[in-house]
> 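Okay, here's the structure, questions in a sec.
Remember, it's 1-based here, ligands and their atoms both numbered in the order they're listed. Excluded from the calculations below are hydrogen atoms, water molecules and symmetry mates; all remaining heavy atoms, backbone and side chain alike, are included.
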Amino acid sequence: MRASLITLVTLSLALLSVAEPLLSPINVHEKRNSIPRGWSLTRRHDTASVLPLRFALKQRNIEDIGTYLYDISHPKSPNYGQHWTAGEISRKFAPSDESLSAVQDWLIENGMERERIKVSPTKGWIQVDATVEEAERLMNTEYNVYTHQTGQEHVACEAYHLPEHISPHVDFVLPSVHFDAKLTRRSGDDGRASNIGQPGVGIKPKTTGAVTETVSEIEQCNEYITPVCLRALYGLEYEPVATEKNSYGIVEYTPEAYLKSDLEMFAMNYSQDLLGKEPYQISIDGGYQQMEYQGFDYNGEPDLDLQYGMTLVTGKQQVTLYQAGDMVEGASFNNFLDAIDGTYCTFEGGDDYTQDSKYPDYSPGGYAGPEDCGTVKPAYVISTSYGYDEADLTPFYAERQCAEYAKLGLMGVTILYSSGDDGVAGNDDYCLNPNGTQTADGTMFDPSFPGTCPYVTSVGATMMKPNASVYDAQPEMACMEVIYSGGGFSNYFAMPEYQKEAVDYYLQTYPPDYPATMWNSTGMSRAFPDIAANGANYVVAVDGEFELVYGTSCSSPVSGAIFTMINDARLAVGKGPIGFINPTIYSAEFAGLFNDITEGTNPGCGTDGFNATIGWDPVTGLGTPNFPKLLAKWLTLP
Ligand SMILES: *[C@@H]1O[C@H](CO)[C@@H](O)[C@H](O)[C@H]1NC(C)=O
Ligand SMILES: *[C@@H]1O[C@H](CO)[C@@H](O)[C@H](O)[C@H]1NC(C)=O
Ligand SMILES: *[C@@H]1O[C@H](CO)[C@@H](O)[C@H](O)[C@H]1NC(C)=O
Ligand SMILES: *[C@@H]1O[C@H](CO)[C@@H](O)[C@H](O)[C@H]1NC(C)=O
Ligand SMILES: *[C@@H]1O[C@H](CO)[C@@H](O)[C@H](O)[C@H]1NC(C)=O
């Protein structure tokens, strides 16, 4: 049997509509298969409580966003590199006035006064504060309070309905079936960050403990990765010259926070030119460097990302740290996306909003509509080492978020996400069941998100082969120490044109011998990762000592640094940033510019996973970057 979540959802929608003939003009808009793991139903929500209901409006022209993006990202396109401004994006994709007024009118008809209805700056969202009673009547649903095993509560429903004439105008409603919950830490816990449900559970770096010897020699690279190893492996010998024009952004989610003292400690041993330097911090939704809670789970990820990201672009290049979420509410990817897509438009020329805690800003009249928004530009390369499982999210929700990444691509931003650390399994080694739930004994491969979004570049992990030297012809293989490189095939997203040839070649040359019940074997779905970089044995200063760290969490910021240096060279000669790189790196012109990884596998779900092979593979993608070759080729593009 070939079961997909989408089919199951559609099926249950059909059943429900048949079962409820009295609601014929009202259709189920979204429905969840089950409560995500770790959560349980506690009670019905109080009818008088107020919910900030947000309607994600269907955007115009969004079905063509892939085509627009391809047009400016494919090296053979006459429009290559003609990135859009934030204003152009806002005008192209803003929901139609028809959608806006249809939803507004419907809300008014249902007793919400016009003054209560607010529209976000980009017109993407309508918000109304409604009582639970109003919301339940409006969408024929029941709101419950769910409790996480950590004690965190979350308001959600099992399914909700929209009238037939409204559903074409709405992507989804929040809060509803979604559990992209923002978790606080558990009070009086054992010191572990308890941000389950927040992006980051699972794709977290892992440590095997303290480094007990002095590490500084390139001969030690197969036991200890330090910046000198990465420079040697990928040929990254480059002094940036266009640093004023360039930018590199790294995203972290509170309560995870970097420690300045760790950055200093790392700089002392490995990167003297970083001494005294700090990232330029942009706070999103009240994000800040909390110092109250420390430990590997709090500091490991940001310490790693910044120590390696900043070192590899050298102390000359300022790195931007997007710190999202406060201690009370945390943040989801959407807070970050709202920030760079919507609210940036409301700040005319102002990059000084360090204290914002309300995103997006719905204050009435807050957005007078300047000709061009986006005066605070997102960094040219943005690396994020956090991630969900695709199945944690509904298809509508994942698609909406994915389209936001495409918009960033249109603006010339390169978006990198680590591909996951559990091979073909989901976070924490969970796998899918035919009914769409995820359990430890599930048998179906469980792809990660946003890695499966065709508009991001997904980065897998490699490691040094045992006893190899960085000077060997093929020193690396797929990472099989402590973690396995996330990879596989999406159940939500169709295969993008740019990777068709590479993935077809893989599927035909090395047909995986797993039954179609275990993975999306259609050959029509988005395959990931796109590229890889070393993810094992990193020496990272965490909480005052050097630790050995593993994960695709290492691979993403390192790749980001390499692409940032390529941008530097292009900006220096008056060209634009490389932007969305996938159509470029899969193109014939770029063949052979990544170091092909041909050994190792990515086990999970009781299998050996897929094999790294000659050519693209669902373990290490096209391979690891060869900086000199990529640089030379990218400089020939307009
Ligand atoms: C860092 O440098 C100090 C001082 O030179 C040295 O004692 C220590 O072993 C180094 N740490 C590592 C992991 O190499
Ligand atoms: C889904 O399937 C799994 C494994 O077969 C089972 O344990 C679980 O109870 C099912 N859940 C639902 C909601 O049907
Ligand atoms: C690596 O080198 C050690 C020591 O020389 C040797 O014992 C071991 O067999 C080697 N491993 C491999 C995989 O070659
Ligand atoms: C496989 O992927 C395609 C394209 O995204 C999708 O339409 C299909 O439903 C998926 N099949 C399964 C079994 O998930
Ligand atoms: C991986 O390679 C091994 C050895 O060649 C082979 O037996 C296995 O079927 C391959 N697995 C997949 C999923 O292609």
> At a 4.0 Å threshold, what atoms of ligand 4 neighbour a non-hydrogen atom of Phe493?
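Reading through ligand 4 atom by atom, the close ones are 4 (C), 5 (O).
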
> Output the list of atoms in ligand 4 that are nearer than 4.0 Å to some heavy atom of Asn520, sorted by atom number.
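It comes down to these atoms of ligand 4: 1 (C), 2 (O), 3 (C), 8 (C), 10 (C), 11 (N), 12 (C), 14 (O).
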
> Using heavy-atom distances only, which candidate in Thr214, Leu548, Thr226 approaches atom 7 (O) of ligand 1 most closely?
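Ranked by closest heavy atom to atom 7 (O) of ligand 1, first place is Thr214.
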
> Do NZ/NE/NH1/NH2 and the carboxylate oxygens of Arg526 and Glu390 come within less than 4.0 Å?
no

> Does ligand 1 have an atom under 4.0 Å from some heavy atom of Met268?
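Met268: no contact with ligand 1 (<4.0 Å).
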
> Quick one: pull up OG in Ser261 and CD in Gln294 and give me the separation to the nearest 0.5 Å.
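Ser261 atom OG to Gln294 atom CD measures 7.0 Å (nearest 0.5 Å).
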
> Using a 4.0 Å cut-off to any heavy atom of Tyr270, which atoms of ligand 1 qualify?
12 (C), 13 (C), 14 (O)

> Return the CD to OG1 distance between Gln272 and Thr311, rounded to the nearest 0.5 Å.
11.0 Å

> Considering the heavy atoms of Tyr492, write down every atom of ligand 4 situated less than 4.0 Å from one of them.
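Once the distances to Tyr492 are compared, the set is 5 (O).
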
> Of all the atoms in ligand 4, which lie at a distance below 4.0 Å from a heavy atom belonging to Ala494?
4 (C), 5 (O)

> Atom 8 (C) of ligand 1: which of Val215, Asn269, Thr212 has the nearest heavy atom?
Asn269

> So does Glu404 pair up with Lys407, basic N to acidic O under 4.0 Å?
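A salt bridge links Glu404 with Lys407.
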
> More than 12 heavy atoms of other residues, nucleotides or ligands under 6.0 Å from CD of Glu545: yes or no?
yes

> At under 4.0 Å between heavy atoms, is it the side chain or the backbone of Ser490 that contacts ligand 4, or both, or neither?
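The answer is the backbone of Ser490.
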
> Under 4.0 Å, heavy-atom basis, I'd like to know which part of Phe489 is in contact with ligand 4: side chain, backbone, both or neither.
neither

> Of all the heavy atoms in Phe266, does at least one lie under 4.0 Å from an atom in ligand 1?
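Flag not set, Phe266 not near ligand 1.
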
> Determine whether the side chains of Asn537 and Tyr550 contain a donor N or O and an acceptor N or O closer than 3.5 Å.
yes

> Looking at atom 11 (N) of ligand 2, would you say a protein heavy atom lies below 4.0 Å from it?
yes

> Taking the six-membered ring for Trp, is the centroid-to-centroid distance between His74 and Tyr498 below 6.0 Å?
no

> Is the count of non-hydrogen atoms from other residues, nucleotides or ligands lying under 6.0 Å from Tyr510 atom OH greater than 12?
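Enclosed: over 12 neighbouring heavy atoms sit under 6.0 Å from OH of Tyr510.
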
> When rounded to the nearest 0.5 angstrom, what is the spacing between CG in Asn582 and CZ in Phe528?
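The distance works out to 13.5 Å.
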
> Flag atom 2 (O) of ligand 2 as yes if some protein heavy-atom distance to it falls below 4.0 Å, otherwise no.
yes

> When you measure from atom 9 (O) of ligand 2 to every protein heavy atom, which one gives the shortest distance, and what is it?
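Closest protein heavy atom to atom 9 (O) of ligand 2: Asn435 ND2, 4.8 Å.
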
